[in-house]
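These notes concern the structure reproduced below.
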Amino acid sequence: MEVNGKDDLNAPLLKSSDDFVVDIPQPTNNKERKIRTVKFKIGEIKCASCSTTVESLLEKLDGIENAVVSPLQGLAAINYIPELIKVKKIKEAIEEAGFPVDEFPEQDISVCRLRIKGMACTSCSESIERALQMIDGVKTAVVGLALEEAKVHFDPNLTDTDCIIEAIEDAGFGAELISSENDANKVHLTVEGVNSPEDLTIIHSSLESVVGVTHVEMNLEENKITVAYDPDLTGPRSLINCIQEAGNGSKSYNASLFVAPIRREAEQQQEIRIYRDQFFLSCIFSVPVFVFSMLLPMLPPYGNWLDYKIHNMLTIGILLRWILCTPVQFIIGRRFYVGSYYALRRKSANMDVLVALGTNAAYFYSMYIVIKALTSDKFEGQDFFETSAMLISFILLGKYLEVLAKGKTSDALSKLTDLAPDTAHLLTLDNDGNVVSEEEISTQLLQKNDIIKIVPGAKVPVDGIVIDGQSHVNESMITGEAIPIAKGPDDKVIGGTMNENGCLLVKATHVGSETTLSQIVQLVEAAQLARAPVQKLADKISRFFVPTVVAAALLTWLGWFITGQAGVYPEYWIPEATNKFELALQFGISVLVVACPCALGLATPTAVMVATGKGASQGVLIKGGNALEKAHKVKTVVFDKTGTLTVGKPEVVSAVPFSGYSMEEFCDLATAAEVNSEHPMAKAVVEHAKRYRQKIGSHTKHFTEVKDFEVHTGAGVSGKVGDATVLVGNKRLMRACKVPIGPKVDDYISKNEQLARTCVLVAIDGKVAGAFAVTDPVKPEAKLVISYLRSMSISSVMVTGDNLATATAIANEVGIDKVFAETDPLGKADKIKELQMKGMAVAMVGDGINDSPALAAADVGMAIGAGTDVAIEAADIVLIKSNLEDVVTAIDLSRKTMSRIRLNYVWALGYNILGMPIAAGILFPFTGIRLPPWLAGACMAASSISVVCSSLLLQSYKKPLHARMP
């Protein structure tokens, strides 16, 4: 995007989805019946009689509440009960009556995002996905472990968000709705003064009369109103004013925005507090247990009192350890029992199962020792109460440190969310543009076309265009560009950026969920939820991990116990006050608790979360782990020319008439033909003609209207201007239309193409009447970027619709060896497929609609300069700025991230591969070293923390080219 350009304000950063089917609950007291509305167009509606026929037909169907068909456009709006009738049957009934149905929504799919509580490892996220996919009507469900969220696509005719939440809760996890697809243009208001159904009716009628309001839903119990609206026609402020104006006489209503509590951060803090408090509480009991069992017996005579016998062989030490350990095992450790119960109920196993098995084995064996000591006057045995208590304490410490570290993985996203200011200065102007009033309002109340004043040092609240004032704006928080950008009238500003030194008046163009900042946040959230292919390794391992560990623990116990009983190893191997059974049991418990499935599950998502957040803060939006994984494999980068390698603002540097036409006539006819074209070259020609008119003293702004206007893709345009047939384009267009190109024209073209200029030819009535030489300067960083890509063993290719000579000249200037010229949009995609056929992983960098086929065809599509919404939709990576350095940043960041993910897997897998044999006692025969269960639990907790901290190191990532440039 050009820094001060405004053309790209015509569309939001991300394309919003337009669904034909929307929820429109009716204002009725019958809560048991859910009424929905479907809208579509019916053909062959020629008069009011036809529309009446269709309405009568539909209203006879069971499940149809009412139907309205417009006799003018044939548009139908039908309220129906999904439990009684499906939209497909409605369509069939209309078609059977002889009326074709157009623009029918083939699939009625809704999307919701949910916050999930209680997930510990990949096994948990897979269990939730399985539970969701078993719901009738759910199409796809993706659960992000690190993000603790789920995204569900479902058919609202068959299920709803309540059923989805219930299914998650039945699986043993907490769930809370974050947002649904239809929330984008909805506002939630809190209303005061509503005391009766009559008040509801008054407010409902007032709101429905507002132009742009599509649906009103009222909740008397909570004094809450939800209004769906068209943001181009109205907004929250107008709706609040409407409610307040609805009051009359003794009745007065006040409305304000319903601000939902920011639960994510609060819940994260609450989770941290819970683990911290539980750890400290467990320490109150487990530290004395550790002292009584490990320290005091080694410090005679201070520990002698612990051996005092209360009854038979039951000592004070055993009794104290039992009393102190029991609350840790069953009250503080209750979470592990609950987690195990739900995991086993859904026929899976997770970390909770391993912890519960290990601590129960230690605790109940110790209980056996207590009972034997109480009932026997000769029995001697060693209890393991300290193992159970210390194990739970260390695991709680590990979970506390883990959630503390996991909270930092989403820091970048939290900072982005907090960029927008809470308030804005709204101005009211009179017809002459003078300020009538100024008030400070909530940013959420801003509407399109509002005029906002931004004082020095204030943040820009929403996207807009400067209408008055001069200043510099710091956009580093959005684009990563450190140098403040000069802003003046007609320049665009981005919400969340900082105004530096001047006062600006800005007209709002995008508000709410349509702002660049909101779109970036949505894109990053979606990216963090998307699962990387490399995650499949952890998913596969998690399916058999816990059963394998349980089997290994059982075999370890049996192996040591049987060999001990058979006398395979000498008696002196057995520690003092321990028998063969107890030694074998300790090894078995150590194997159970040392294995850690959590570290494997966190290896990929934590790295992806940090990387996508870090990329977003530097102006590189990566659409999830899949894009990251594909980008690190790229060996060839294909660049579009105009707007990508070049600045994208072509200028006419010379114009020459031929065939006896005057310069004025030649320019006027060319401009008339080009004025309807959106191509940058066409805009350059029109701009040049305007400057020429001003130069010769002509101030006429009206151009003759062109008829039969036609765009020839990749070649130019044609049309009829007055009586003349005008062609404006390249040599390919002239050849296609059989316009001869003489030697003089050919010589002019050759000279300019050698100077990296593009020639736009103008033919009038079959003769070349003149030519414009257009230049588009190469971006200053292009040569450095191509050179740096070469040092990364990545080759560069240029593909353009321009002629070969101009393309080659630019390629030589920046250092590209391979050029595909005179290629149309579909041809670009074909060239990429040819490169892929040679076994290359290809990235495509482009900025416009004409690049979208190639962006979609490439292994990795990069939309540069936050180009058009179509390009962004097709791209895997969105580069906010028009700076080519971000191409290097995207590839380098993906490589660093994949390297970090591999290192995380080395940590996680290596830890389990080494830890389990040591816990099983493989070193014990040779070195006497063994891993006590409580220490094994500490090691398990440390493995998860090490993986999360390893991912957090990505926050220190620096752009490679910035590091090298002065």
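Positions are given from 1, in the same order as the sequence printed here.
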Margin query: For a 4.5 angstrom cut-off between non-hydrogen side-chain atoms, does P853 reach K828?
Written below: no

### Task
Test side chain to side chain contact (heavy atoms under 4.5 Å, CB included) on V187 and L189 and set out the steps.
CA-CA 6 Å; V187 63; L189 304 173; 3.8 Å; yes

Minimum side-chain heavy-atom gap D162-L177 below 4.5 Å: no

task = Determine whether V878 and M862 make a side-chain contact, defined as any pair of heavy atoms from C-beta on separated by less than 4.5 Å.
result = no

Margin query: Ignoring hydrogens and geometry beyond distance, is a side-chain donor-acceptor pair present between H510 and T515 at under 3.5 Å?
Written below: no

### Query
Step by step, would you call E514 with K448 a salt bridge (Lys or Arg N to Asp or Glu O under 4.0 Å)?
CA-CA 10 Å; E514 290 186 352; K448 284 186 179 179; 3.2 Å; yes

Is the shortest heavy-atom distance from the side chain of I240 to the side chain of Q244 under 4.5 Å?
yes

With sequence neighbours left out, the residues meeting side chain to side chain donor-acceptor pair (under 3.5 Å) with E55 are none

Is it true that atom NZ of K630 has more than 12 heavy atoms of other residues, nucleotides or ligands lying nearer than 6.0 Å?
yes

The reported gap from CG in L61 to NZ in K89 (rounded to nearest 0.5 angstrom) is 6.5 Å

Rounding to 0.5 Å, atoms CD1 (I168) and CD1 (I116) come to a distance of 3.5 Å

### Query
Do the side chain of D463 and the main chain of G495 share a donor and acceptor less than 3.5 angstrom apart?
yes

- prompt: So do the side chains of V210 and L239 get within less than 4.5 Å of each other, counting heavy atoms only?
  reply: yes

Would V717 and E674 satisfy side chain to side chain contact (heavy atoms under 4.5 Å, CB included), going step by step from the backbone distance to the final call?
CA-CA 7 Å; V717 298; E674 290 278 53; 3.3 Å; yes

Closest heavy-atom pair, C163 versus I135, reported as atoms and distance to 0.1 Å, is O-CD1, 4.2 Å

Distance col, row I164:CD1 vs F154:CZ, nearest 0.5 angstrom, shows 4.5 Å

So CD of E176 and CD of E148: to nearest 0.5 Å the spacing works out to 12.0 Å

Heavy atoms of Y229 and G235 approach each other most closely as CE1-CA, 4.0 Å

Pair T140-Q133, side chain to side chain contact (heavy atoms under 4.5 Å, CB included): steps then yes or no: CA-CA 7 Å; T140 60; Q133 286 164 356; 6.0 Å; no

Q: Check the pair Q447, S238 against side-chain hydrogen bond (donor to acceptor under 3.5 Å, both in side chains), reporting the backbone distance first and the verdict last.
A: CA-CA 9 Å; Q447 299 175 185; S238 300; 3.2 Å; yes

When every non-hydrogen atom of I42 is compared with those of A76, the smallest separation belongs to CD1-CB, 3.7 Å

Query - S110 versus H153, side-chain donor and acceptor atoms under 3.5 Å - result: no

Residue pairs meeting salt bridge (Lys or Arg N to Asp or Glu O under 4.0 Å), one or both in residues 234-245, sequence neighbours left out, come to R237-D450

- [ ] Answer yes or no: is there a side-chain heavy-atom contact under 4.5 Å between M119 and V143?
- [x] yes

key: Flag side-chain contact, heavy atom, 4.5 Å: I203 against Y253   = yes

What one should report as the nearest heavy-atom pair of L57 and A97 is CD2-CB, 3.6 Å

Here the pair of heavy atoms bringing T612 nearest to I622 is CG2-O, 3.7 Å

Worksheet item: Going through the checks in order, is the side chain to side chain contact (heavy atoms under 4.5 Å, CB included) test met by L621 and I877?
Response: CA-CA 6 Å; L621 305 182; I877 297 174; over 6 Å; no

The reported gap from NZ in K720 to CG in D708 (rounded to nearest 0.5 angstrom) is 7.5 Å

- Answer yes or no: is there a side-chain heavy-atom contact under 4.5 Å between V211 and T234? no

**Request:** Let me see the working for N66 and E59 under side-chain hydrogen bond (donor to acceptor under 3.5 Å, both in side chains), right down to the final yes or no.
**Result:** CA-CA 6 Å; N66 57 65; E59 286 172 358; over 6 Å; no

CG (L257) and CG (L445) are apart, to the nearest 0.5 Å, by 4.5 Å

Between G98 and P100 the two heavy atoms that sit nearest each other are O-CD, 3.8 Å

Requested in this report: Indicate yes or no for a side-chain donor-acceptor contact from D876 to the backbone of G861 under 3.5 Å, with no hydrogens or angles considered.
Outcome: yes

Next on the checklist: Please determine whether salt bridge (Lys or Arg N to Asp or Glu O under 4.0 Å) holds for the pair R113 and E149, giving the CA-CA distance in whole Å, both sets of side-chain angles, and the decisive distance to 0.1 Å.
Outcome noted: CA-CA 7 Å; R113 282 177 56 230; E149 287 185 10; 2.8 Å; yes

